[in-house]
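Residue numbers begin at 1 in each chain, while the letters A, B, ... track the order of the sequences.
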2 protein chains.
Amino acid sequence: MTELEKGPQGRRRGRGARERILSASQQLFREQGINRTGMDQLCAVAQVSKRTAYQHFTSKDELVAEYLRRFDPDVMPGVFDRTDLTPRERLLAAFEIPASAPLCPYIAAAVELHDPQHPASQYARDYKIAIAARLTETAREAGAINPEQLGEQLALLLDGAAARTRVLNSASFPTAAAIAAVLIDNAIPTASE
Amino acid sequence: MTELEKGPQGRRRGRGARERILSASQQLFREQGINRTGMDQLCAVAQVSKRTAYQHFTSKDELVAEYLRRFDPDVMPGVFDRTDLTPRERLLAAFEIPASAPLCPYIAAAVELHDPQHPASQYARDYKIAIAARLTETAREAGAINPEQLGEQLALLLDGAAARTRVLNSASFPTAAAIAAVLIDNAIPTASE
DNA sequence: CGTTACGTACACAGGTTGGTGTATTTAAGC
DNA sequence: GCTTAAATACACCAACCTGTGTACGTAACG
């Protein structure tokens, strides 16, 4: 176990340059935005020489794409897997964002890159669709009459809350949660009716 | 009427350089984004020398702010003034966006500028608040039980639809309209109940 | 006419950006 | 010790950005 980690070629020095670069991206892109973050600054934060950064990622665009791809497993971390909740509760749990929150970088990326062809924009779309699909699936489990519709509606609420929080600087997720509750109640035939 | 228009000092030549600059801003900022539009290109489109541009606007930031301020009267043009509609119908009419649509530049600006202190970000907030206020007011006219809540909820729907349209390239306003209908029905005690 | 004020054309400063070239250092494996 | 490969430091490039300085043109007024 003399070698700490084995990279593509078998060796490693400073404990994962790639990881540090992506970690710095995550931090800086979120704090300052993508376009306002230069590669010089990013490499300084990552404590990586610019040369090595460009050996791991052929361009900044590729780095941005990888940065976005990294979120897929992270966001909505344990919302849909919580077996201790009913499907209905799981749908509502999606709106309990802890204020500090990741605050969906996909919208920001789509706006900043401004090119629907950009691979990162593709990832953004894929992710949005995936979220809607999961909501739809859970809505179906919860017994919704029209799960696709409810899933799409809840996804729209999440995006609305994220966008509004961004512009207004005031948390809009409680409002979204309130709407979600109404929609869910309307879409799921309760036993009491 | 020899002088076509009288400007600050009394004279005018090419029929409103200021107008052409703002018009070009509107076009280019929307098409390419703010940061990706240079002053050179903007002046070329506006058919205005760069020198004069900087005589009308001391900086690009000021131009951006003015560009955003210009929308206040434009957006939601005749939605709240349509006396031929009931308040309830007016609330729903806000979601009938003609697809091509202006597609709210405020979210984009807030993301691109990325500085809540920027005057343009201020305008964005003001506008969002104004829209919510108008919705609230109309909700009150419509007899909603909690007009503030309904107004805020509908505003969130508008933002959600705008953001989602931006990311997905597919119109989300019908979905938002469907949600709005549910919310309105739930918030306004109908005579038939 | 001359004055006045706006407009133009064009170069240029000063800065930042993404990205590279080069020579050097460090560590691992034989 | 030698080789190999990754990482480093650092200078550098070309492109682009916002913004300015300068000299010239041109229209409306007296």
Side-chain angles (χ1 to χ4, degrees), chain A residues 1-25 28-29 32-67 112-115 118-120, chain B residues 1-25 28-29 32-67 112-115 118-120:
Chain A
M1 214 241 204
T2 42
E3 43 177 299
L4 299 170
E5 289 181 357
K6 49 180 185 292
Q9 260 67 25
R11 246 156 302 164
R12 261 303 132 94
R13 272 239 324 227
R15 286 228 72 241
R18 225 187 128 90
E19 298 305 315
R20 289 209 306 275
I21 295 170
L22 284 168
S23 173
S25 303
L28 293 175
F29 289 165
Q32 313 179 336
I34 295 172
N35 291 331
R36 295 184 117 74
T37 300
M39 289 299 284
D40 288 298
Q41 184 193 8
L42 199 151
C43 291
V45 170
Q47 286 180 301
V48 162
S49 88
K50 211 159 71 161
R51 209 73 191 77
T52 38
Y54 276 97
Q55 252 140 14
H56 283 284
F57 306 94
T58 64
S59 68
K60 186 184 181 182
D61 281 338
E62 190 183 299
L63 173 58
V64 171
E66 185 64 14
Y67 147 75
E112 283 205 84
L113 302 175
H114 215 271
D115 173 18
H118 195 292
Chain B
M1 212 228 195
T2 41
E3 43 178 299
L4 299 169
E5 290 181 356
K6 46 179 185 297
Q9 261 67 25
R11 246 155 299 165
R12 262 302 131 92
R13 273 238 326 228
R15 286 231 70 243
R18 227 188 126 89
E19 298 306 313
R20 290 208 305 276
I21 295 170
L22 284 168
S23 174
S25 304
L28 293 174
F29 288 166
Q32 312 179 336
I34 296 172
N35 291 330
R36 297 185 117 74
T37 301
M39 290 299 285
D40 288 299
Q41 184 193 7
L42 199 150
C43 291
V45 169
Q47 289 181 300
V48 161
S49 89
K50 212 160 65 161
R51 211 69 190 79
T52 36
Y54 276 97
Q55 251 140 17
H56 282 284
F57 305 93
T58 63
S59 69
K60 185 183 180 182
D61 281 338
E62 189 182 300
L63 172 60
V64 171
E66 185 65 12
Y67 147 75
E112 282 205 86
L113 302 176
H114 214 273
D115 173 19
H118 194 292

Worksheet item: If you draw a 6.0 Å radius around CD in A/Gln55, do more than 12 non-hydrogen atoms from other residues or ligands fall strictly inside?
Response: yes
Partner residues of [X] under the side chain to side chain donor-acceptor pair (under 3.5 Å) criterion, sequence neighbours left out:
X: A/Asp115; value: none
X: B/Glu62; value: B/Thr58
X: B/Lys60; value: none
X: B/Ser23; value: none

Worksheet entry | Residues which pass ring-ring contact (aromatic ring centres under 6.0 Å, His included) with A/Phe29, listed by chain and number, not counting sequence neighbours | A/Tyr67
Worksheet item: Quick one: is B/Thr52 getting a side-chain N or O under 4.0 Å of the C/dG7 phosphate, OP1 or OP2?
Response: no
Item to complete: State whether B/His56 places a side-chain N or O below 4.0 Å from either non-bridging phosphate oxygen (OP1 or OP2) of C/dC6.
Response: no
What is the distance, rounded to the nearest whole Å, between atom [atom1] of [X] and atom [atom2] of [N]?
X: A/Arg18; N: D/dA6; atom1: CZ; atom2: P; value: 14 Å
X: B/Glu62; N: D/dG19; atom1: CD; atom2: P; value: 10 Å
X: A/Ile21; N: D/dA6; atom1: CD1; atom2: C1'; value: 12 Å
X: B/Leu63; N: D/dC17; atom1: CG; atom2: C1'; value: 15 Å

Discussion item. At under 4.0 Å between heavy atoms, how does the protein contact nucleotides 15-22 of chain C? Give one character per nucleotide, 5' to 3', with B, S or -.
Written reply: ---SBBBB
